[in-house]
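Read through the structure below, which is laid out as structure tokens, and then see the notes.
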Amino acid sequence: MHISFLRPHPPFYVSEPWHSLIDPSSLEAPITYGTKQEMINHHPILKNMMARYDDKNSYPSEINYSELAKQDIARIQAVYLGMCAEVDSNIGKILQALDDSGQADNTMVIFTSDHGEMLGEQRLWDKLGWWDSSYRIPLIVHVPEQSPKIVEEMTESVDVSPTILDWLGAEIPTNWNGRSL
């Protein structure tokens with residue numbers, strides 16, 4: 001079974017209690033290295049990446065990024081974290097249903113994502129950039145009756161399918177790029 005959650009993802013809104021779960025004043029400001037101009041001077045591609053946040057027509061129905069104050073950014077971060085908490089709660093319900101139905105002992109559970117979110121870090125939003133916040137995504141694989149381990153080397157999304165096939169005892173096609181974890 002494949003289950004997708006649309007959140008956390010723009011637009012940044014979520015129902016209660018998740019919307020107000022995180023206190024924005026408890027959050028740290030996003031990491032930035034220098035002024036916008038210093039960052040643009042540091043790497044030429046940043047000029048084009050950052051330009052979209054100055055254009056008021058880029059996000060006509062959501063956020064005017066060029067006018068965000070620190071408290072606005074903290075509020076967006078808080079709502080995003082509330083969306084993450086909602087996903088956590090729903091995953092808990094799924095795991096409980098597997099336990100209740102007796103399927104937990106024969107079900108591999110994989111949790112991953114397609115991309116991260118900059119949330120104002122490096123003065124960027126969405127999945128732009130080459131920083132961990134954008135491209136480093138979670139990958140948690142629970143295999144029943146297997147001891148937990150951490151895979152230290154780099155993994156990729158293409159490793160998910162070979163991991164599933166390996167657990168099922170099926171042959172992994174030789175022309176696949178991924179590897180079983």
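With rounding to the nearest 0.5 angstrom, the CG atom of Leu27 is 13.0 Å from the CD atom of Gln71. The distance from the CG atom of Leu165 to the CD1 atom of Ile172 is 6.0 Å, given to the nearest 0.5 Å. From Trp130, atom CH2 reaches atom CG of Leu124 across 8.0 Å, with rounding to the nearest 0.5 Å. Here Glu171 contributes atom CD and Thr174 contributes atom OG1; the two are 7.5 Å apart, rounded to the nearest 0.5 Å. Rounding to the nearest 0.5 Å places CD1 of Ile94 at 3.5 Å from CD1 of Ile3.
Sorted by first and then second residue, the salt bridge (charged side-chain N to carboxylate O under 4.0 Å, His left out) pairs with a member in residues 36-45 read Lys36-Asp54; sequence neighbours excluded. Pairs of residues two or more places apart, or lying in two chains, never qualify as ring-ring contact (aromatic ring centres under 6.0 Å, His included) while including a residue from residues 137-181. Counting only residues at least two apart or in different chains, salt bridge (charged side-chain N to carboxylate O under 4.0 Å, His left out) contacts with residues 1-24 are absent. Screening residues 148-167 for salt bridge (charged side-chain N to carboxylate O under 4.0 Å, His left out) gives Glu153-Arg179 as the qualifying pairs, with residues at least two apart or on separate chains.
Leu6 belongs to no multi-residue hydrophobic cluster, having no ILVMFWY side-chain contact under 4.5 Å with any other such residue.
The nearest pair of heavy atoms linking Ile137 to Ser157 is CD1-OG, 4.1 Å. Closest non-hydrogen pair, Ser134 versus Gly129, comes out as OG-O, 3.7 Å.
Residues passing the side-chain contact (heavy atoms from CB on, under 4.5 Å) test with Ala104, sequence neighbours excluded: Leu98, Asp99. Residues satisfying the side-chain hydrogen bond (donor to acceptor under 3.5 Å, both in side chains) criterion with Ser101, sequence neighbours excluded, are Gln103. Shown here are the side-chain hydrogen bond (donor to acceptor under 3.5 Å, both in side chains) partners of Asp100, two or more places apart in sequence or in another chain: Gln96. Residues meeting the side-chain hydrogen bond (donor to acceptor under 3.5 Å, both in side chains) test with Asn41, sequence neighbours left out: Gln37.
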* Asked: Passes side chain to side chain contact (heavy atoms under 4.5 Å, CB included), Trp125 versus Ile73? Steps please.
  -> CA-CA 10 Å; Trp125 295 87; Ile73 293 171; 3.9 Å; yes
Do any side-chain atoms of residues 75-88 form donor-acceptor pairs under 3.5 angstrom with protein atoms, and if so which ones, sequence neighbours left out?
from, atom 1, to, atom 2, distance (Å)
Arg75, NH2, His19, O, 2.8
Arg75, NH2, His19, NE2, 3.2

Using distance only, find each side-chain donor-acceptor pair of residues 108-122 under 3.5 Å and give its atom names and separation, not counting sequence neighbours.
from, atom 1, to, atom 2, distance (Å)
Thr112, OG1, Pro138, O, 2.8
Ser113, OG, His115, O, 3.2
Glu117, OE2, Leu119, N, 3.1
Glu117, OE2, Asp126, N, 2.9
Glu121, OE1, Ser133, OG, 2.5
Gln122, OE1, Tyr33, N, 3.4

Can you list, pair by pair, the side-chain donor-acceptor contacts under 3.5 Å of residues 43-51, counting residues two or more places apart and other chains?
from, atom 1, to, atom 2, distance (Å)
His43, ND1, Ile45, N, 3.4

